[in-house]
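One structure is given here, and the rest of the page talks about it.
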Amino acid sequence: MEYNPQDIEQKWQARWKADKTYATSNHSEKPNYYVLDMFPYPSGAGLHVGHPLGYIASDIVARFKRHKGFNVLHPMGYDSFGLPAEQYAIQTGQHPAVTTEENIARYREQLDRIGFSFDWDREVRTSDPEYYRWTQWIFTQLFNSFYNYKLQKAEPIFKLINLFETEGFNGSDHEFLTGDIEHDIVPFNAEEWKAFGEKKQEEILLNFRLAYLSETYVNWCAAMGTVLANEEVKDGVSERGGYPVERKLMKQWSLRITAYAERLYNDLDAIDWTESIKESQRNWIGKSVGAELSFRVEGSEAKIPVFTTRPDTLFGVSFLVVAPEHELVSKITTAEHKTAVEEYVHYASNRSERDRMADVKKITGQFTGAYAIHPFTGAQIPVWIGDYVLAGYGTGAVMAVPCGDQRDYDFAKHFNLPIPAVFEGVDISEKADPTKEARMINSDFLNGLTGYDAIKMCIVRLEEKGIGKGKVNYRLRDAIFGRQRYWGEPIPVYYKDGVAKTFKDEHLPLVLPEVDKFLPTTDGEPPLARAETWNYDPEIGLVANGEGYPVELTTMPGWAGSSWYFLRYMEPNGVNNFVSRSIADYWQQIDLYIGGAEHATGHLLYFRFWTKFLHDLGYIGITEPAKKLINQGMIQGVSEKIHTLKVLSVAGHSGKSNTVHFFNGKDITPVEFNDQLVSAYYSHDLKIALNFESNEHNIDISLTENSVISPENMSKLGEWRDDFADAVFVCEGGYWWQGTFHRLKDGSDVFRTKSEVEKMSKSKWNVINPDVICNELGADTLRIYEMFLGPIEQHKPWNTNGISGVSGFLRKFWRLFTAPSGFNLSEDAATPAELKVLHKTIKKVNDDIERYSFNTVVSAFMIAVNELGELKCSKRSILEPLVVLLSPFAPHIAEELWEKLGHEQTVTQAAWPDFNASYLVEDSVSYPVQFNGKMRFTLDIPAAYTREQIEAEVLGWEATTKYLEGKAPKKIIVVPNKIVNIVY
RNA sequence: GCGGAUGUGGCGUAAUUGGUAGCCGUGCCAGACUUAGGAUCUGGUGUCGUAAGACGUGUGGGUUCGAGUCCCUCCAUCCGCACCA
């Protein structure tokens with residue numbers, strides 16, 4: 001009876017589906033456990049072997065926890081709004097919903113093939129109107145909330161309106177409404193508020209709403225026709241597509257995530273995530289503690305506020321620098337510097353983000369002619385503008401302390417400004433030194449203090465004088481929420497007389513309208529402007545254009561739907577709430593969340609933000625979504641590449657035997673060859689031999705083996721890519737043309753490719769599809785092999801070198817039950833040796849799953865099978881528990897064996913085997929005995945001996961006397977079960 | 001520049017608290033069975049050495065009877081942030 005994975009796997013997958021084996025109840029006596037994968041975007045390329053890595057790990061934990069008696073929530077769904085489906089729609093006219101539906105079907109098929117224990121009754125899709133009605137609803141909640149900085153929580157906006165109606169708004173008494181955030185709200189009293197009228201009131205409220213409309217600089221990507229979040233921009237170009245991105249002032253919906261900066265920062269300490277993810281989030285939030293103070297401008301009303309982390313260096317200030325975009329620039333610039341400053345501002349505004357980043361070292365700036373007054377010394381301080389100061393951070397102005405800050409130092413040197421010293425004994429002749437250790441000099445009341453003390457002291461004095469205060473600044477910006485795209489959640493907002501208002505709950509969901517094309521309109525409006533029924537009447541709902549009020553045209557960004565999905569799985573079909581409070585309280589946090597580290601500052605930050613917000617309004621009881629996070633590593637692909645020439649010139653290119661000039665980066669080398677060389681493709685060994693500069697092209701890896709394209713496959717190249725049909729492929733000894741080798745000289749006719757480890761992707765032709773492995777060796781082999789590759793968090797290239805070991809292991813496991821003939825296990829009592837193998841394995845498997853070390857579990861199984869094979873063990877009492885141990889890893893083979901063992905229930909219901917340590921205890925332990933750390937001999941000592949008995953036994957041994965040579969031992973070290981060391 | 005992580009056989013990796021480094025798997029060598037094998041089984045496999053033995057976890061140092069593990073130095077690779085005041 002051979003192990004036949006295909007039959008077994010099909011049988012059990014069908015049965016699980018029919019019986020709903022993995023359906024989970026929201027009510028149970030058992031303790032509960034929530035294990036979640038980051039849900040995928042269903043792309044057209046389907047799953048590759050990298051996707052299931054995390055899913056397999058989470059599935060193992062889910063199945064393990066079920067065996068251990070937990071009620072396990074282990075759902076799956078799709079993050080189905082996204083750009084690729086929309087771009088495909090633009091190209092083909094096919095509705096993104098149709099594309100998405102097809103892709104999901106394919107994903108589901110592939111996922112089912114691997115045998116996951118997801119509860120598919122709980123599937124969610126972010127693009128399903130029944131799902132996104134709640135995404136939209138949460139948006140309306142954000143719109144109708146403000147942040148109370150005193151209580152550090154969000155509250156309904158009506159509380160704020162009540163306050164304004166009774167007390168008005170007075171900057172200092174109501175500071176808890178604005179926190180440390182800069183604002184320019186003019187104070188008003190209750191009467192004034194009432195007299196403002198709706199439009200003006202709404203304008204004021206927008207300063208407080210957590211979802212708000214404002215004129216802000218955005219990352220505008222002209223090529224994609226949309227704005228991008230900071231997280232979607234890398235090195236000045238779009239993360240997807242690599243198109244240029246520019247700063248542009250636009251009216252935009254944003255979410256006030258900055259209100260949550262402090263909590264997002266502090267709560268990181270309480271969750272068990274990797275240090276690198278937490279550190280990324282801390283970097284992104286960018287908390288810095290310091291002080292804000294204002295400099296008066298001489299002969300003007302203007303004050304320049306600056307933020308500094310080093311108030312101790314206040315007496316080292318020799319000039320101020322404000323950002324070119326700063327609103328004070330035009331006000332303070334003197335007449336004689338006006339032209340130069342305007343020119344500079346113009347120059348700075350024309351430099352894109354990318355240019356600015358590219359030449360960081362270039363020092364530019366301009367004197368405004370204005371002077372500020374030092375708050376303590378009264379000295380005149382020149383005010384400059386310079387683009388090394390960013391408008392978007394802090395106050396957009398800095399007090400320059402050249403002795404303590406390298407950028408200020410460089411600026412001072414470049415423009416010949418003074419560099420006063422404030423640190424005792426610190427050399428600043430070559431560079432700035434930001435030490436806090438040194439004592440202060442030339443600093444009035446700070447003299448003699450170290451930097452640490454001076455910081456505190458200075459803040460006290462600033463507050464006494466009323467010119468500044470201690471302040472915390474964050475790098476985190478509010479999240480831009482509107483996208484000029486079609487395939488996303490419509491923002492449920494309409495505009496009545498220019499005032500934004502949210503839809504009534506009963507009119508949600510606001511379903512995506514049908515449009516004729518998925519492109520922006522000819523006058524640049526987002527695709528939703530093409531809809532014919534896109535106006536709103538608060539009494540009726542959506543109405544035809546021309547009636548009611550116009551509806552918002554932008555849609556939500558990709559991360560909206562994924563910011564709360566873990567809650568929807570708890571009650572996927574709930575019609576009254578996004579989730580009922582009682583059910584949310586039952587499941588609480590995600591116990592284990594598995595997904596890629598690339599979401600560190602995107603999804604994972606918004607996920608935490610929305611969870612906190614929903615908690616503040618009392619809808620859920622938790623403030624962090626996931627207790628434990630594991631970042632599975634990427635499985636990379638191995639690409640195979642061939643070369644084309646970067647040719648400088650081709651001389652006398654006609655007839656046979658021509659000369660091609662290869663350029664190797666330095667020299668031009670003439671090389672004799674046949675014709676058709678310029679557009680030819682070159683074997684990698686030839687490229688190495690000639691060392692020319694080349695462009696690389698990916699080749700479908702299925703056409704290569706060990707980085708060689710075989711002669712048979714050479715002829716298939718033309719079928720694979722049309723333009724290869726007539727192409728020439730040059731090897732060392734000749735060339736391939738139309739699949740035939742033309743010999744020119746002695747040398748190889750093997751065409752080599754260059755292999756390179758890179759991200760697995762369709763465009764690189766290096767994708768390994770899990771279906772192929774499932775068909776050849778079975779899903780259980782795939783599951784175990786992916787776990788066996790190495791630690792789950794590690795990036796690793798996919799290679800199948802070891803896969804035969806894994807499939808061999810499963811066959812051997814199967815044979816334990818079926819050898820020598822048929823399924824025939826012995827009911828005899830197990831021997832101590834057999835029991836030892838079993839219990840050693842129970843312990844190892846259990847402990848290693850608990851610490852997420854899946855690769856070592858696989859090793860433990862292999863050892864057990866080897867040892868039981870040697871013992872020729874075929875006893876039920878040993879093998880039956882092993883089936884349960886294996887079932888999280890290889891559920892199909894486990895089910896089949898479990899059934900053959902005569903059980904009526906599936907293995908899923910079986911309890912985890914009990915571990916009994918007494919079977920592991922040995923009669924005697926073999927102790928290595930050392931003298932002064934050197935191993936001399938081993939001594940068998942009864943395991944039950946105490947430390948003192950062991951010492952006596954060792955000292956009584958005649959070899960001991962020999963080694964001690966009459967010296968008394970100074971110390972005897974006995975490590976239980978490990979070693980004895982005698983120091984003399 | 002700041003921060004995080006990682007360095008162990010030919011390769012993927014293991015060593016839970018400091019206790020015989022290299023488990024398990026691949027690859028390789030030898031053998032058995034075989035018409036054959038990408039089947040199965042047995043033995044070997046860190047380096048040098050015939051051997052005894054010596055050396056060995058990126059480098060150099062330290063703590064310890066004992067260090068892959070703890071501390072310091074340097075080097076290399078990867079990742080995140082980066083003119084953030």
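Quantities reported herein were computed from a predicted structural model and do not represent experimental measurements. Any value given below was found using the heavy atoms of this structure, including those in side chains, with hydrogens, waters and symmetry copies removed.
- Within 4.0 Å of Lys812(A), counting heavy atoms only, lie sugar-phosphate atoms of the nucleic acid but no base atom.
- Taking the ring centre of Phe915(A) as origin, the terminal cationic atom of Lys843(A) falls inside the region bounded by 6.0 Å and 45° from the ring axis.
- Distances shown here put every side-chain N or O of Arg282(A) at or beyond 4.0 Å from the OP1 or OP2 atom of G4(B).
- Only the C1' atoms considered, C70(B) is 15 Å distant from G19(B), to the nearest whole Å.
- Residue Asp410(A) is out of contact with every strand shown, counting any heavy-atom pair closer than 4.0 Å.
- Heavy atoms of Asn473(A) sit nowhere under 4.0 angstrom from any nucleic acid atom.
- Using C1' as the reference atom, A32(B) and G37(B) are 15 Å apart when rounded to the nearest Å.
- In this structure, Phe788(A) reaches the bases: a heavy-atom distance under 4.0 Å links it to at least one base atom across the strands shown.
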N/O to N/O distances under 3.5 Å, protein versus nucleotides 76-79 of chain B:
none

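- Residues Phe315(A) and His374(A) bring their aromatic ring centres within 6.0 Å.
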Every protein N/O within reach of nucleotides 27-32 of chain B N/O, cut-off under 3.5 Å:
none

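- Using a 4.0 Å heavy-atom criterion, one finds that Gln406(A) contacts no nucleic acid atom at all.
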